[in-house]
Amino acid sequence: MKNHDFNPESLMMTYGYKPELSEGAIKCPIFQTSTFVFKTAEEGKAFFELAYGLREKSPKEELGLIYSRINNPNLEILENRLCLWDKADDCAVFESGMSAISTVLLEFLKPGDLLVYSNPVYGGTDHFIHHFLDKIGVHTIGVMPDQHMDEVIQMIEDSGKADQLAMIYLETPANPTNDIVDIEKFSEIAARYSTEERKTLVAVDNTYMGPLWQHPLQCGADLVLYSATKYIGGHSDLIAGAVLGNAELMLRVKTLRTFLGNMVSPHTAWLLLRSLETLKIRMDQQTQNAQIVADFLMNHPKIKNVYYLGLLREGTEAYTIYKKQCSAPGAMVSFDIEGGEKEAFMFLNSLKLMKLAVSLGGTESLAEHPKTMTHAGVDPEQSKRMNITDQLIRLSIGVESAKDLVWDVEQALEKVEIKNELEVEKV
Ligand SMILES: *Cc1c(COP(=O)(O)O)cnc(C)c1O
């Protein structure tokens, strides 16, 4: 028979792990150790030469285990498995999503550089851009969801810093509104401002869709970032992050990680290995459930708008980008309830199965109010422009029975009293 390429979901239980190195254990043990014993002093020297880039790797040589801030079997196996989903050369796992994001921004930006980023971005990323990058003299331009490519180019030109454009940072679909941007088009803009000496990089936060339903590296991005706390971890019991890209860029990311010391712990890496085994079935179930919940919300009289990729209408620009870039609509559903904060809170306080909490991507469904919770720190004018209003509610759909989820949403909506339009007419 001919060679066969296994799908990533088939490799998540075994790839990169050698039982014979661990007493034949079927599962990779937790390598709860800080340091590793060298066979000889010569071996220790050779490992350090590679770790510190003092010489080139010889063809068959691999970096040996040194110290758990630099490498550890749990981290390495996890990183190798994550590479399969995004078809990346290399991966670095971090102690949080923010740690992954801030390390990438610190490694590839320096004072005087220009960063273009899409709005809205995750609250923590927004804070890092406005309060930290600003402080060290990185210039930033935020692109709004309703702005077109020619406007983006105009803003870059008008900034007077076009020749310093070091990075385009995208979050698509965006949290919490599911706005999407065209990764390929932004990669074309990056190519336009790249020079011989300096390639303008495109980094994409793929937390909402990845690693299953969208592969930014295949759309022209240079780096893909995750909060692994979300779908990759998937059980709301850990905090972690990941970055993937080509070997050259990842060497830089991993080197900075070594010196910031913000790698994930062996125990958390082990939990993530366990999570990866069920990643595909969890995410498949979550997106199926989300479509059913979104369809229900769409036809409910107390709901004004539903923001879900599975409800985009053919012929719209968003639909075209969605079809090009994503293989499923995901499991994040946002909607505007009739009324305002009072009605939104009534809904949230009446849920019986879904929990009222921030975060997303876990096996349990969660509901929250972005304007007063996850996005409370965003400038009010900008929030309004991005559709983050009193009426907006965000749901992260889990693996429960879709019938139970619809029942829960329906009964919670029943409890919401909306000032009757008939009463208004009577006045
Ligand atoms: C949660 C989240 C982050 C931050 O990740 P942490 O693991 O909480 O540090 C970044 N981006 C997006 C889109 C997120 O949802």
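Remember, it's 1-based here, ligands and their atoms both numbered in the order they're listed. What's counted below: heavy atoms across the whole structure, side chains too, no hydrogens, waters or symmetry copies.
The atoms of ligand 1 that sit less than 4.0 Å from any heavy atom of Gly97 are 5 (O), 6 (P), 7 (O), 9 (O). Close contacts of ligand 1 with Ile101, meaning ligand atoms under 4.0 Å from a residue heavy atom, involve 10 (C). Atoms of ligand 1 lying under 4.0 Å from at least one heavy atom of Ser227, given by number and element, are 1 (C), 2 (C), 3 (C), 4 (C), 5 (O), 6 (P), 7 (O). Numbered from 1 in the order shown, with element, the atoms of ligand 1 that lie under 4.0 Å from a heavy atom of Thr229 read 6 (P), 7 (O). Within ligand 1, counting atoms from 1 as listed, the ones closer than 4.0 Å to a heavy atom of Asp205 are 10 (C), 11 (N), 12 (C), 13 (C). Ligand 1 places these atoms under 4.0 Å from at least one heavy atom of Ala240: 7 (O). The distance from ligand 1 to the heavy atoms of Glu171 drops below 4.0 Å at these ligand atoms: 13 (C).
For the pair Ile232 and Leu272, the tightest heavy-atom approach, listed with the atom from each and the gap, is CG2-CD2, 4.0 Å. Of all the heavy atoms in Thr177 and Pro120, the pair that sits closest is OG1-CG, 3.8 Å.
Comparing Met98, Lys230, Glu95, Met209 against atom 9 (O) of ligand 1, the shortest heavy-atom distance belongs to Met98. Closest heavy-atom approach to atom 4 (C) of ligand 1 among the candidates Tyr122, Tyr226, Tyr231, Tyr208: Tyr122.
Residues Arg394 and Glu368 are paired through a salt bridge, judged by an N-O separation under 4.0 Å between the basic side chain and the carboxylate. Asp90 and Lys254 are joined by a salt bridge, as a carboxylate oxygen and a charged side-chain nitrogen come within less than 4.0 angstrom of each other. One finds a salt bridge joining Lys27 and Glu277 here, because a Lys/Arg side-chain nitrogen approaches an Asp/Glu carboxylate oxygen to under 4.0 Å. Remark: Arg385 engages Asp146 in a salt bridge, criterion side-chain N to carboxylate O under 4.0 Å. The existence of a salt bridge linking Glu364 and Lys355 is excluded, since no basic side-chain nitrogen approaches an acidic carboxylate oxygen closer than 4.0 Å.
Look at Leu360 and you'll find a heavy atom under 4.0 Å from some atom of ligand 1. Not a single heavy atom of Ala100 sits less than 4.0 Å from an atom of ligand 1.
Ring pair Phe335/Phe347: centre-to-centre distance below 6.0 Å.
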